[in-house]
Undergrad: 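Pasting a structure here, questions to come.
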Number of protein chains: 2
Amino acid sequence: MSLPIGEVSRRSGLSPDTLRFYEREGLLPVPGRTSGGARRYDPAVLDQLQVISTLRGLGFGLDQVRDLLAAKSSTHSVRARIDAAGASIDRLEALLDEKEKALQEARDLLGQWRDELDSWEPWPDTPLPQ
Amino acid sequence: MSLPIGEVSRRSGLSPDTLRFYEREGLLPVPGRTSGGARRYDPAVLDQLQVISTLRGLGFGLDQVRDLLAAKSSTHSVRARIDAAGASIDRLEALLDEKEKALQEARDLLGQWRDELDSWEPWPDTPLPQ
DNA sequence: CCTTGACCTGGAGTGCACTCCAGGGGGTTG
DNA sequence: CAACCCCCTGGAGTGCACTCCAGGTCAAGG
């Protein structure tokens with residue numbers, strides 16, 4: 001019921017170095033250790049790593065990711081924790097909306113390019129403008 | 001009808017250093033120069049910078065952005081250029097689809113968090129699990 | 001007991017994407 | 001003509017996010 005770092009690495013696609021780095025950076029909970037000192041991870045860490053990878057892939061920096069994860073694992077009172085988490089989730093939602101807008105912008109652009117391309121197809125081998 | 005670097009900087013939100021850097025990196029067309037040697041930009045560069053900023057904001061690297069822009073300004077034959085552009089646009093579309101999926105994943109996660117939070121609200125001041 | 005393989009730590013190194021000079025030129029303004 | 005502002009180049013420096021050692025411990029297998 002607890003995974004060594006190599007297993008987490010294989011399942012998450014992140015190197016052991018990266019996992020230890022994330023731990024130092026406060027993006028992962030401090031894992032348990034074997035008597036010999038090796039890390040043993042709760043399988044739940046895999047979900048968290050999925051979150052991190054997803055957000056990183058969307059261009060969020062580690063600071064942003066850390067902030068957004070913080071509320072989930074805060075140890076304050078329930079009320080404060082819920083409030084913090086709520087604020088954090090709202091913030092994440094706003095950030096995702098921004099990304100969504102950027103994505104839409106990119107798609108619009110893409111359609112525009114395709115249109116331009118289509119309008120050129122009927123006259124092959126003509127020099128293009130500019 | 002041609003803009004000095006400072007003006008492009010203001011309108012694009014990118015520093016002159018960054019504009020010169022992008023030029024060196026082949027992301028921007030080589031601009032004209034005044035007799036004194038100062039760059040003069042075609043206003044069309046603003047659209048291109050918008051594209052670049054959008055893609056950068058979505059987490060694409062400069063190499064990817066360069067590849068995607070290349071087809072638009074390639075100097076090959078019309079046929080080759082259209083094909084290249086088409087392929088490039090298809091590739092961009094695939095990349096955007098990936099981002100879209102990541103975005104959706106993040107949103108799902110967010111909804112999940114919110115649900116968890118809601119299910120805790122009725123019992124304030126109870127210690128949270130884990 | 002020896003080897004092998006997975007793991008540990010602390011610290012140095014890497015690649016990317018800027019960002020910041022130093023030192024100098026050009027053109028307008030008072 | 002001096003002061004100013006914007007621009008130039010080449011090169012060094014920065015911050016982020018890893019990534020890669022060197023040198024060592026531990027547990028299992030032969």
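Reminder, nothing fancy here: chain letters follow the sequence lines and each chain counts from 1.
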Undergrad: Below 4.0 angstrom from OP1 or OP2 of dC7(D), is there any side-chain N or O of Arg39(B)?
TA: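 Checking Arg39(B) against dC7(D): no side-chain N or O falls below 4.0 Å of OP1 or OP2.
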Undergrad: Let's see if you get this right: which residues in residues 8-29 of chain B place a heavy atom under 4.0 Å from DNA chain C?
TA: Asp17(B), Thr18(B), Phe21(B), Tyr22(B)
Undergrad: What closest approach, in Å, do Pro43(A) and Leu3(A) show between heavy atoms, and which atom pair accounts for it?
TA: CA-CD1, 4.0 Å
Undergrad: Just checking, any donor-acceptor pair under 3.5 angstrom between side chains of Asp108(B) and Gln112(B)?
TA: no
Undergrad: Taking the side chain as C-beta and beyond, is there a heavy-atom pair between Asp90(B) and Arg114(A) under 4.5 Å?
TA: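 Heavy-atom side-chain distance check passes, below 4.5 Å.
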Undergrad: Do Asp47(B) and Leu109(A) come within less than 4.5 Å of each other through their side chains, counting heavy atoms only?
TA: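 Not touching, per the 4.5 Å side-chain cut-off.
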Undergrad: Which pair of heavy atoms, one from Pro16(A) and one from Ile5(A), lies closest together, and at what distance?
TA: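 The answer is O-CD1, 3.7 Å.
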Undergrad: 5' to 3' on DNA chain C, which nucleotides open and close the contacts with chain A (atom under 4.0 Å from a heavy atom)?
TA: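 So the outermost contacting nucleotides come out as dC7(C) to dT9(C).
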Undergrad: Under 3.5 Å, side-chain donor or acceptor atoms of residues 20-33 of chain A against the rest of the protein: list the pairs with distances, not counting sequence neighbours.
TA:
{"unit_1": "Arg20(A)", "atom_1": "NH2", "unit_2": "Asp17(A)", "atom_2": "OD1", "d": "3.4"}
{"unit_1": "Glu23(A)", "atom_1": "OE1", "unit_2": "Arg39(A)", "atom_2": "NE", "d": "2.7"}
{"unit_1": "Arg33(A)", "atom_1": "NH1", "unit_2": "Gly37(A)", "atom_2": "O", "d": "2.7"}

Undergrad: Please work out if Arg40(A) contacts a base, only the sugar-phosphate, or nothing of the nucleic acid, heavy-atom cut-off 4.0 Å.
TA: nothing
Undergrad: For Phe60(A), enumerate each residue passing the side chain to side chain contact (heavy atoms under 4.5 Å, CB included) test, keeping only those at least two apart in sequence or located in another chain.
TA: Leu55(A), Leu58(A), Gln64(A), Val65(A), Leu95(A), Leu96(A), Lys99(A)
Undergrad: If the condition is side chain to side chain donor-acceptor pair (under 3.5 Å), which residues does Thr18(A) pass it with, not counting sequence neighbours?
TA: Ser15(A)
Undergrad: For Leu19(A) and Ser12(A), which heavy atoms make the closest approach, and how far apart are they?
TA: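 Heavy-atom minimum between the residues: CD2-OG, 4.4 Å.
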Undergrad: Can you sort out the partners of Asp97(A) under side chain to side chain contact (heavy atoms under 4.5 Å, CB included), two or more places apart, ordered by chain and number?
TA: Glu93(A), Arg107(B)
Undergrad: Suppose the criterion is salt bridge (Lys or Arg N to Asp or Glu O under 4.0 Å): which pairs have a residue in residues 50-65 of chain A, not counting sequence neighbours?
TA: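 Non-adjacent pairs meeting salt bridge (Lys or Arg N to Asp or Glu O under 4.0 Å): Asp63(A)-Arg66(A).
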Undergrad: What's touching nucleotides 26-30 of chain D from the protein side, N or O pairs under 3.5 Å?
TA:
none

Undergrad: Kindly calculate the angle separating the two end axes of the helix from dC1(C)-dG30(D) to dG30(C)-dC1(D), each obtained from five base pairs, and round it to 10 degrees.
TA: 10°
Undergrad: Got a sec, which residues hit side chain to side chain contact (heavy atoms under 4.5 Å, CB included) with Ser2(A), two or more places apart in sequence or on another chain?
TA: Arg40(A)
Undergrad: Strictly by salt bridge (Lys or Arg N to Asp or Glu O under 4.0 Å), give each pair with a member in residues 1-13 of chain A just once, sequence neighbours left out.
TA: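 Checked against salt bridge (Lys or Arg N to Asp or Glu O under 4.0 Å) - neighbours excluded - the pairs reaching residues 1-13 of chain A are Glu7(A)-Arg10(A), Glu7(A)-Arg11(A).
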